[in-house]
Amino acid sequence: MATGVDQAVGMGLVLFSLSLFSYYSVWVIVLPFMDSDHILHKYFLPREYSVILPGIAAVVLLLLIGTFTAAVVWMNHKPKKAD
Amino acid sequence: MTKLMQWLFGAALLGTLWALVSFDLLDWKLPRAYREVAWPMPLYLLVSFGCFSLAAVGYRVATFNDCEAAAKELQEQIREAKEDLRRRGLKM
């Protein structure tokens, strides 16, 4: 078995993704079948956000990847010498 | 039929089914709850897949056995590679 920090980080990732999956599943699949005065609705944002928030996360992720790629390419760009 | 064509065909089929249910193109007049569940389905599947990938990575990180000798050897090789690349001019 891996030790110490590895186990903590790994299990943390598993728990985080499990909770994210459960919350998102309830948000998308369970809530539409609940009456609008059910108490469960109190714990969830309006449904539009269930589409907007992952969209923003995807854009941020792509921005980070693009910025990293651009930075590395830019730092290694050698202008051609004129002969 | 190539694999690509098979995948595209399957994706087109599922996409059509999703559009039919979400936007009520054939006027089936499904209950509102079903339409509300169907509409974010593509995004939901993407998020689920992302969560699954994250969980798989996390689980493997937690259960991978430590290999002291291999770890040292890998660190050494990383150091050598960085040195070599730096000599050839790559800046990180």
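Below, read A as the first sequence line, B as the second, and so on, with proteins coming before strands; counting in each chain starts at 1.
- Side chains of B:K3 and B:Q6: a donor on one and an acceptor on the other come within 3.5 Å.
- With chain A as partner, the option from B:C51, B:C67, B:G50 having the largest number of non-hydrogen pairs under 4.5 angstrom is B:C51.
- In terms of non-hydrogen atom pairs under 4.5 Å with chain B, the most contact-rich of A:F21, A:Y24, A:F16 is A:Y24.
- Residues A:Y23 and A:Y43 keep their aromatic ring centres 6.0 Å or farther apart.
- In terms of non-hydrogen atom pairs under 4.5 Å with chain A, the most contact-rich of B:S53, B:S48, B:A56, B:A38 is B:S48.
- No side-chain heavy atom of A:P54 sits under 4.5 Å from any side-chain heavy atom of B:Y44.
- Considering only heavy atoms from C-beta on, B:P40 comes within 4.5 Å of A:R47 through its side chain.
- Between B:F23 and B:W18, the distance from one ring center to the other falls under 6.0 angstrom.
- Proximity to chain A (any heavy atom under 4.5 Å) is shown, for B:V37, by both the backbone and the side chain.
- For the set A:V30, A:L20, A:L18, A:I29, the entry with the most heavy-atom pairs within less than 4.5 Å of chain B is A:I29.
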